[in-house]
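Let me begin by presenting the structure, written as structure tokens, before commenting on it.
FYI, the numbering just counts along the sequence from 1. This structure is a prediction, so every number in the text was calculated from the model and none was measured.
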Amino acid sequence: MAESEQKKSDMEDALAAERSAAEAGADSPGAAPGDSESTPEELMAKLEDDLNAARDAALRAHADAQNIKRRAEQDVEKARKFALESFSRELLPVVDNLERTLAVTAGHDETVKPIIEGVELTLKSFTDALRKFNIEPVDPEGEPFDPQLHQAMSMVENADVEPNTVIAVMQKGYTLNSRLVRPAMVMVSKAPTAQE
């Protein structure tokens with residue numbers, strides 16, 4: 001309310017200043033008759049145009065400020081969401097080593113069973129901790145090859161599965177909040193070549 005009264009007061013002051021200038025010009029020789037009568041309407045139209053332009057500029061400035069605020073919030077959210085990316089990348093080899101240990105010890109006698117159980121429990125608690133922070137494994141064996149998530153290490157002819165199917169995973173991949181941290185290293189099937 002006070003803002004519109006201020007604008008009205010400013011318009012009235014501007015009109016009064018224009019009238020004074022027009023009257024001074026009418027007293028001077030060479031002034032065209034009728035100029036003083038049309039000047040207030042022209043001035044009013046000009047002031048309305050200026051007011052509309054100022055409103056547009058204010059709306060644009062407000063929209064720009066909102067966009068900057070939204071972008072800053074998104075940047076902060078991304079920084080918070082992916083702050084663990086490099087840390088998780090450093091931890092993944094530990095998980096790989098624990099999994100390799102279990103693969104090597106499979107089928108051994110009962111004397112190493114307590115050690116195997118300890119490694120299994122350690123691996124489970126480690127993977128549970130990773131999942132708590134939205135770090136998920138990518139283990140695509142039997143799935144179609146996806147270049148967004150997988151890195152093909154080799155292609156092997158295989159008639160038993162569809163071409164471009166992952167037939168072996170050499171190293172699991174991982175994602176953090178659905179963003180790829182490390183691609184899965186895989187072996188991919190291809191159609192057998194025709195025998196002649």
Side-chain angles (χ1 to χ4, degrees), residues 57-196:
L59 286 174
R60 283 193 191 99
H62 180 71
D64 287 345
Q66 292 291 29
N67 287 338
I68 289 169
K69 180 181 175 185
R70 190 172 352 98
R71 271 188 242 118
E73 288 171 353
Q74 288 172 348
D75 289 346
V76 167
E77 178 64 19
K78 281 181 184 175
R80 185 190 64 75
K81 208 171 179 184
F82 300 112
L84 295 175
E85 188 170 2
S86 61
F87 179 68
S88 63
R89 196 175 289 123
E90 294 298 319
L91 292 178
L92 296 181
V94 177
V95 175
D96 295 339
N97 289 334
L98 290 171
E99 288 174 345
R100 283 188 201 107
T101 301
L102 290 175
V104 168
T105 57
H108 280 73
D109 58 23
E110 292 295 314
T111 58
V112 294
K113 188 174 182 182
I115 296 172
I116 294 170
E117 288 174 357
V119 172
E120 285 173 344
L121 289 173
T122 303
L123 177 61
K124 182 183 179 324
S125 65
F126 212 105
T127 54
D128 288 346
L130 291 175
R131 279 197 174 93
K132 183 178 177 182
F133 292 97
N134 297 316
I135 302 167
E136 298 290 335
V138 177
D139 191 4
E141 189 164 346
E143 298 175 7
F145 176 74
D146 181 358
Q148 301 295 323
L149 297 173
H150 313 147
Q151 180 178 354
M153 303 307 289
S154 64
M155 294 191 78
V156 177
E157 292 180 6
N158 191 327
D160 298 335
V161 294
E162 291 287 319
N164 290 326
T165 300
V166 175
I167 55 175
V169 178
M170 291 172 252
Q171 185 180 57
K172 287 182 188 175
Y174 286 87
T175 60
L176 170 63
N177 292 311
S178 300
R179 179 194 278 182
L180 188 66
V181 175
R182 182 180 80 184
M185 295 183 182
V186 298
M187 189 179 296
V188 182
S189 66
K190 67 178 179 178
T193 55
Q195 298 286 330
E196 292 191 23

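Look at K124 and E120 and you find no salt bridge, because none of the NZ, NE, NH1 or NH2 atoms lies under 4.0 Å from a carboxylate O. Electrostatic pairing of E73 and R70 does not count as a salt bridge here, judged by no charged N lying under 4.0 Å from a carboxylate O.
A 4.5 Å side-chain heavy-atom check between V186 and P140 finds at least one atom pair inside the cut-off. Side chains of Q171 and R100 form a contact here, defined as non-hydrogen atoms less than 4.5 Å apart. Looking at heavy atoms from C-beta onward, I167 lies in side-chain contact with V161 at the 4.5 angstrom threshold. V181 has its side chain within reach of L92: a pair of non-hydrogen atoms, C-beta onward, lies under 4.5 Å apart.
Heavy-atom neighbours of F126 CZ from other residues, nucleotides or ligands within 6.0 Å: above the threshold of 12.
For Y174, there are no ring-ring contact (aromatic ring centres under 6.0 Å, His included) partners at least two apart in sequence or on another chain. Contacts of S178 classified as side-chain hydrogen bond (donor to acceptor under 3.5 Å, both in side chains), with partners at least two apart in sequence or in another chain: none. Applying the side chain to side chain contact (heavy atoms under 4.5 Å, CB included) criterion to K78, with sequence neighbours excluded, gives F82.
When all heavy atoms of A152 and V188 are compared, the pair lying nearest together is CB-CG2, 3.9 Å.
Atom-to-atom distance recorded for L123:CG and L98:CG is 5.5 Å, nearest 0.5 angstrom. From H150, atom NE2 reaches atom CG of N164 across 12.0 Å, with rounding to the nearest 0.5 Å. Interatomic distance, CG of L84 versus CG of N134, reported as 9.5 Å (0.5 Å rounding). Between D96 atom CG and T101 atom OG1 the span is 10.5 Å, to the nearest 0.5 Å. Rounding to the nearest 0.5 Å places CD of E157 at 4.0 Å from OG1 of T193. Separating the CG atom in N177 from the CD atom in E77 is a distance of 9.0 Å, to the nearest 0.5 Å.
A donor-acceptor distance shorter than 3.5 angstrom exists from the side chain of R182 to the backbone of K172, with no hydrogens or angles considered. For H62 (side chain) and A58 (main-chain N/O), no donor-acceptor pair under 3.5 Å exists by modelled atom type. A donor-acceptor contact shorter than 3.5 Å links the side chain of S189 to the backbone of T165.
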